[in-house]
2 protein chains.
Amino acid sequence: MVRRRKNPEERRREIVAAAARLAGKTGLGSISLRSVAQEAGVAPGLVNHYFPAVEQLVAEAFAQLGGDDLRDHFATIRKESAPVQQMRIYLRSALAEQPDSMRLLAVEAYYLARYHPLLSDALTVLVDAWDSEMAHLIDEGTRNGAFRSDDPMKSAIHIFALIDAFALQAVALSHARLGIVREMTIQATERELGLAKGSLQLDVA
Amino acid sequence: MVRRRKNPEERRREIVAAAARLAGKTGLGSISLRSVAQEAGVAPGLVNHYFPAVEQLVAEAFAQLGGDDLRDHFATIRKESAPVQQMRIYLRSALAEQPDSMRLLAVEAYYLARYHPLLSDALTVLVDAWDSEMAHLIDEGTRNGAFRSDDPMKSAIHIFALIDAFALQAVALSHARLGIVREMTIQATERELGLAKGSLQLDVA
DNA sequence: CTCCTTATTGGTCATATGGACAATAAGGAG
DNA sequence: CTCCTTATTGTCCATATGACCAATAAGGAG
């Protein structure tokens, strides 16, 4: 095997990136010493060298994917200037019929978190980040006059709880239920933000 | 090893029961040929004899646990006669701080369902059963005049989506968030059933 | 140019998994 | 009481996992 000696930080990043790529395709469960080593094009022992415990690698890969996903979403949201439109854009992607890979990953992470302290921490950090970004958005909208919310953070948590519920259903259950939960989420969000019924209807441009 | 030859149906039930016991304690992931064989006090090969694929056993164990849990809950609920009190009783157990084993199992099942067709089917059956039992309860309450709901099934699905969201959080996240989601679920349920704010407050006897 | 740190490799171990199979004996049928 | 079906056992195999470790060589320091 051709050996190429790299800067440790860089190699470490490469390994995390490889693990994240795998998880994005086939879930956190597909992260193993050997699979990651192959994906990164290095020997399995090297993965072990940087991550004495695979647990750590799983947690970092999840944090990586989650962070990227969060940034992507808010970059898209921020392209809109009107708060109502921002919220509509977000709901449209969060309530899409077929779950994107991050949503599947999140459900997996919720489940694994029970046996996996490091992943649990990463999940907490990610959820907190979403909460505060969303609270910030709601706060802006409220000052702007577009929304009405006494407690933006509370509103954010409320909205995410509903979206989580949708995600859970979307992973496993029927389309009929999905439709009902989607409607419910939209209406509850409108109510939470003091919007008129129908303001967040997704099919409206 | 002492060999005792039993009626096939009985032995099969024993094996499912052993698997269910394991899953109740340590999750569906702890069901394996060997662990179940040990729990049931038989040779691993016998488990294989009754369940050529472990997948089937996992699905049946989950169905067993889920069915028992459903029956238990509604047996308790039915002890109350007043619909509002029935609903309060149910919410109190569903929104309890520490998740009971069935709740953890459900989250696991939602996740595993993606890779596990038989478990997915079992989950669908269970969810449908909950929906229709709850819809029935709501329907009774509506005829009785205690509730007000245009579409009991839709109301049931709405309520369960919120409870699922709570369960998801309860498995992994902080108490602060839990409290917010609990309040939200109670208020949304009151609204869904046409009840006055506070009617379902859990600390009310 | 030489040396030495350490990134990197490849191989080994212990463990757990699902699955298949031949041998055995329990216990009901006749 | 005898026979025969099949429930039951113990064993074996292929595979995948995490983890450990000695040997090697890349590439910067001096």
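Because the structure is predicted, anything quoted here is derived from the model rather than measured. A, B, ... follow the sequence lines: proteins, then strands. Residue 1 opens every chain.
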> Have A/Gln64 and A/Glu60 got a donor and an acceptor in their side chains that come within less than 3.5 Å?
Replying inline: no
> Once you round it to whole Å, what is the distance between C1' of C/dT8 and CG of A/Leu46?
Replying inline: 6 Å
> Can you find a side chain N or O atom of B/Tyr50 that sits less than 4.0 Å from OP1 or OP2 on D/dA7?
Replying inline: no
>> Starting the side chain at C-beta, find the nucleotide from D/dT17, C/dT9, C/dA25 nearest to A/Ser32.
In response: D/dT17
> Between B/Arg34 (CZ) and D/dT17 (P), how many Å, whole number?
Replying inline: 17 Å
> Whole-Å distance between D/dT9 P and B/Gln38 CD?
Replying inline: 13 Å
>> With a 3.5 Å distance limit and no angle check, can you tell me whether B/Arg11 reaches the backbone of B/Lys6 through a side-chain donor-acceptor pair?
In response: no
> Roughly how many Å is it from CZ in A/Arg5 to P in D/dA26, rounded to a whole number?
Replying inline: 9 Å
> To the nearest angstrom, how far is B/Phe51 atom CZ from D/dA7 atom P?
Replying inline: 13 Å
>> Strictly distance-based, threshold 3.5 Å: is any side-chain N or O of A/Arg103 a donor or acceptor partner for the main-chain N or O of A/Ala94?
In response: yes
>> For B/Ser149 and B/Ser155, which I'm curious about, is there any donor-acceptor pair between the side chains at under 3.5 Å?
In response: yes
>> Between the base of C/dT8 and the side chain of A/Arg11, is there a donor and acceptor pair under 3.5 angstrom?
In response: no
> B/Tyr115 has an atom OH; how far is it from atom P of C/dG18, in whole Å?
Replying inline: 18 Å
> Below 4.5 Å, heavy atoms only, C-beta onward: do B/Met153 and B/Met134 meet side chain to side chain?
Replying inline: no
>> Among D/dG27, D/dT8, C/dG18, which nucleotide has an atom closest to any side-chain atom of B/His49?
In response: D/dT8
> Out of C/dA7, D/dG18, C/dT17, which nucleotide sits closest to the side chain of A/Val54?
Replying inline: D/dG18
> Looking at D/dT24, does its base get a donor-acceptor pair with the side chain of A/Arg3 below 3.5 Å?
Replying inline: yes
>> By nearest atom, which of the nucleotides C/dG19, C/dT9, D/dC20 is closest to the B/Ala53 side chain?
In response: C/dG19
> Can a donor-acceptor pair be found between the side chains of A/Ser199 and A/Glu190 at a distance below 3.5 Å?
Replying inline: no
>> Whether the side chain of B/Arg4 and the base of D/dT8 hold a donor-acceptor pair under 3.5 Å is what I'd like checked.
In response: no
> Among the nucleotides D/dT6, D/dA19, C/dT8, which one has an atom lying closest to any side-chain atom of A/Leu33?
Replying inline: D/dA19
> What is the distance, rounded to the nearest whole Å, between atom CD1 of A/Ile15 and atom C1' of C/dT8?
Replying inline: 10 Å
>> Let me spell it out: for each of B/Lys6 and B/Gly45, pick the nucleotide of DNA chain C with the closest heavy atom. Which residue's pick is nearer the 5' end?
In response: B/Gly45
> Atom CG of B/Asn48 and atom P of D/dT11: how far apart are they, to the nearest Å?
Replying inline: 16 Å
>> Need the pair for C/dA29. Rule: Watson-Crick or G-U wobble, both distances under 3.5 Å, any strand; none if unpaired.
In response: D/dT2
> Which base, if any, makes a Watson-Crick or G-U wobble pair with C/dA22, both distances under 3.5 Å?
Replying inline: D/dT9
> When all nucleic acid strands are considered with a 4.0 Å heavy-atom cut-off, which category describes A/Pro44: base, sugar-phosphate, or nothing?
Replying inline: nothing
